[in-house]
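A short worksheet on the structure shown next.
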Amino acid sequence: MYDFKIAAADDATMYRDLASALEGLIAGEPDAIANMANIAALLWESLPDLNWAGFYRNVSGELIVGPFQGKAACIRIPFGKGVCGAAAATRETQLVEDVHAFPGHIACDGRSRSEIVVPVVDKEGRLIAVFDVDSETPAAFDAVDAEWLERILQDTFAD
Ligand code: SME
């Protein structure tokens, strides 16, 4: 088992440490599901205030729950539905401060209040998954989280 101690000094420092821990953890490993599992575990352990962190994989044009940490979740999400479906359909990060104000939000866990969902694209430019982090705190995530999560996912799956 790996024991990375990522101190949450400030967001930029925390994400820098996280990115370098992940670089070591994932280096040379081509299996996407293994890498998704380790990313979900490390982010779950490192980011404050989460109640879910994980992947929905693109399986033949439908999102199916993949490696995650947190409570058991909805299994299948159509493209275009909810926050995850919107990220998959638009291939754009969805930063949602208040999930109740998001049309079609899927309440897997009724206590979730805010979330961020980042599309995950491989080297060939194919959408392989979306990465979803949820919190019970309203507006728990901001543009810094979006930027770093995009960078980490791109470095892992597209570079
Ligand atoms: N929040 C997502 C559903 C997935 S779960 O929260 C784990 C959505 O509305 O897309």
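Each ligand, and each atom within it, is numbered from 1 in the order the structure gives. Because only heavy atoms are used, hydrogens play no part in the values below, and waters and symmetry mates are left out as well, while side chains stay in.
- With ligand atoms numbered from 1 in the order given, ligand 1 contributes 7 (C) to contacts under 4.0 Å with heavy atoms of W52.
- For ligand 1, the atoms lying closer than 4.0 Å to a non-hydrogen atom of C108 are 3 (C), 4 (C), 5 (S), 6 (O), 7 (C).
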Item checked: Working for side-chain contact (heavy atoms from CB on, under 4.5 Å), residues Y15 and D145 -> CA-CA 8 Å; Y15 275 115; D145 297 292; 2.6 Å; yes
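- Of all protein heavy atoms, the one lying nearest to atom 6 (O) of ligand 1 is D134 OD2, 2.8 Å.
- Ion pairing between E136 and R111 holds under the 4.0 Å rule for side-chain N and carboxylate O.
- Side-chain contact between T93 and L149: absent, with no pair of heavy atoms (C-beta onward) separated by less than 4.5 Å.
- Each of the atoms 1 (N), 2 (C), 4 (C), 5 (S), 6 (O), 7 (C) of ligand 1 lies under 4.0 Å from some heavy atom of D132.
- The aromatic rings of F55 and F131 sit tilted, their planes meeting at an angle between 30° and 60°.
- In terms of protein heavy-atom proximity, atom 10 (O) of ligand 1 is closest to C84 N, 2.7 Å.
- Judged by distance alone, the side chain of E124 and the main-chain N or O of R126 form no donor-acceptor pair under 3.5 Å.
- Looking at ligand 1, you'll find an N or O of E115 within less than 3.5 Å of one of its N or O atoms.
- Not close to ligand 1: F102, with no non-hydrogen atom less than 4.0 angstrom away.
- A donor-acceptor pair under 3.5 Å is formed between the side chain of W52 and the backbone N or O of K71.
- An N or O contact shorter than 3.5 Å links I106 to ligand 1 by distance.
- Residue V83 has at least one nitrogen or oxygen atom sitting less than 3.5 Å from a nitrogen or oxygen atom of ligand 1, judged on distance alone.
- Sequence neighbours left out, the pairs with a member in residues 46-69 that pass salt bridge (Lys or Arg N to Asp or Glu O under 4.0 Å) are E62-R76.
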